> 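Sharing a structure with you now.
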Protein chains: 2
Amino acid sequence: MTEHVPVKGLQRSQLSNRTGCNIETIRYYENIGLMPEPPRTSKGYRLYDETHVRRLRFVLRSRELGFGINEIRGLLDLVDRKCQTCAEIQERTKPHLAEIRAKISDLRRIERLLARTIAQCSGEDVPECPILDALVA
Amino acid sequence: MTEHVPVKGLQRSQLSNRTGCNIETIRYYENIGLMPEPPRTSKGYRLYDETHVRRLRFVLRSRELGFGINEIRGLLDLVDRKCQTCAEIQERTKPHLAEIRAKISDLRRIERLLARTIAQCSGEDVPECPILDALVA
DNA sequence: CATAACTCCTGTAGCAACTACAGGCTCAAG
DNA sequence: CTTGAGCCTGTAGTTGCTACAGGAGTTATG
């Protein structure tokens, strides 16, 4: 009369499939407190539900948008406290956007430099490449 | 009659100052084989010279351009073998440029998304922010 | 019903590319 | 001669995962 079949709920692999999140990463997010500890079966298996799916999607989406773990922690805080306002969210998001724009312009600078250098390179079988010269200089 | 004054050469802090490289990073680069082991004084102090300055500058410049440690190892290999050709260098550099361009377009996608979302946000003191909605959806 | 194959559990080690610290010497100056 | 700086070493921490080892439970097939 033991209930060895999960009455309802998703196991880790199912949550993984639903969200596309690596199965090990789920446990990792739990360990660092981004995901709440789910209830367990009598044998200790994790049992997730739709709230976990939503929360994990939130986390994954935020990561995709380049938020760091701590930034996400902050966003989740706002969500959990349920007293978020547009103003608060903007406050967190705008500096992040600024960071991303800074990264983009960094990379574009690098791109221009690299492209220019490669263009100077004959691509022939001769030694003394202008790319290396640019690196050494 | 012991020579306790370094006859010639730079200590770690001086190499650090000349190149702007963090002093601990220098030892790190030595450990992983990007920098050669320098000669030592009788008491074990490292003694660098101008070749080390040049090599470290090469490494730092390459890092700035976004090359990973292993890519730099490859470039240094070419330099050391002294048989590099333009063609070889281009071969290593072009895929790297492609990577950087890919990163840029990723970031720009994120930037557009984030900027659009923030624009929808009233910035007022009301709850239910479209940014969070975008994240949850 | 036995056994193989699968999933789950835990803790821990590894990746990049550093950075920082602890504990011990050496060295130059006052 | 003592003080403080700078050097030495090995090791741990950082961020965001990913992967493995070793054990327990569960499912499928003969």
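Protein chains get the first letters and strands the later ones, always in sequence-line order, with residue 1 at the start of each. These figures come from a predicted structure and were not determined experimentally. All values below come from the heavy atoms of this structure, side chains included, with hydrogens, waters and symmetry mates left out.
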> Take atom OH of B:Y48 and atom C1' of D:dG6, then tell me their distance rounded to the nearest Å.
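So the two atoms are 14 Å apart, to the nearest Å.
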> Donor-acceptor check, side chain of A:H52 to backbone of A:L10, threshold 3.5 angstrom: yes or no?
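The answer is no, because no donor-acceptor pair under 3.5 Å joins these two groups.
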> Nearest whole angstrom, please: distance from the C1' of C:dT19 to the CZ of B:R63.
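It is 14 Å, rounded to the nearest whole Å.
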> Please state how far atom CZ in A:F67 lies from atom C1' in D:dT15, giving the value in whole angstrom units.
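In whole Å, D:dT15 C1' lies 17 Å from A:F67 CZ.
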> Remember a base hit wins even if backbone is also touched, and classify A:I23 as base, sugar-phosphate or nothing at under 4.0 Å, heavy atoms.
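Contact class for A:I23: sugar-phosphate only.
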> Using 0.5 Å steps for rounding, measure from the OH atom of B:Y28 to the CG atom of B:L34.
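Here the interatomic distance stands at 8.0 Å.
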> To the closest 0.5 Å, what do you measure between CD (B:Q11) and CD1 (B:I23)?
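Between B:Q11 CD and B:I23 CD1, I get 9.0 Å after rounding to 0.5 Å.
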> Let me know, please, whether A:Y45 or B:T25 comes out on the 5' side of the other along DNA chain C by nearest nucleotide.
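Between the two, 5'-proximity favours A:Y45.
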> In this structure, would A:L113 and B:L107 fall into the same cluster of hydrophobic residues linked by side-chain contacts under 4.5 Å?
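Yes, A:L113 connects to B:L107 through the hydrophobic network.
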> Tell me whether the side-chain N/O atoms of A:R40 come closer than 4.0 Å to OP1 or OP2 in C:dC8.
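False: A:R40 side-chain N/O out of range (4.0 Å or more) of C:dC8 OP1/OP2.
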> Answer yes or no: does a side-chain N or O of A:S13 lie under 4.0 Å from OP1 or OP2 of C:dC8?
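Yes, because at least one side-chain N or O of A:S13 sits under 4.0 Å from OP1 or OP2 of C:dC8.
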> Write down the distance between CD1 (B:I32) and C1' (C:dT19), rounded to a whole number of angstrom.
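To the nearest whole Å, that distance equals 14 Å.
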> D:dC17 P sits how many Å from A:L60 CG, rounded?
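Going from A:L60 (CG) to D:dC17 (P), I get 8 Å.
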> Do the side-chain N or O atoms of A:Y29 get closer than 4.0 angstrom to the phosphate oxygens (OP1, OP2) of D:dG16?
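The answer is no; no side-chain N or O of A:Y29 sits under 4.0 Å from OP1 or OP2.
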> Nearest-Å distance, CD (B:Q11) to P (C:dC27)?
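Distance check: B:Q11 CD to C:dC27 P gives 10 Å.
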> B:I26 CD1 to C:dT19 P: how many Å, rounded?
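Atom-to-atom, B:I26 to C:dT19, this comes out as 11 Å.
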> Inspect the contact between B:E24 and B:R27 and indicate whether a charged nitrogen and a carboxylate oxygen are less than 4.0 angstrom apart.
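Salt bridge between B:R27 and B:E24, a charged N being under 4.0 Å from a carboxylate O: yes.
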> Just N and O in the side chain of A:R46: are any of them under 4.0 Å from OP1 or OP2 of C:dC9?
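A:R46 to C:dC9 OP1/OP2: side-chain N or O found under 4.0 Å.
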> Under 3.5 Å, is there a donor-acceptor pair between the side chain of A:S16 and the main chain of A:C21?
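Yes; at least one donor-acceptor contact below 3.5 Å.
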> Generate the contact string for nucleotides 11-16 of chain C. Rules: B means base contact, S means sugar-phosphate contact only, - means no protein heavy atom under 4.0 Å.
B-----
> Table please: side-chain donor-acceptor pairs of residues 98-106 of chain B below 3.5 Å, with sequence neighbours left out.
from, atom 1, to, atom 2, distance (Å)
B:R101, NE, A:E111, OE2, 2.7
B:R101, NH2, A:E111, OE2, 3.1
B:S105, OG, B:A102, O, 3.1

> Find the distance B:R12:CZ to D:dG6:C1' and express it as a whole number of Å.
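In whole Å, D:dG6 C1' and B:R12 CZ are 10 Å from each other.
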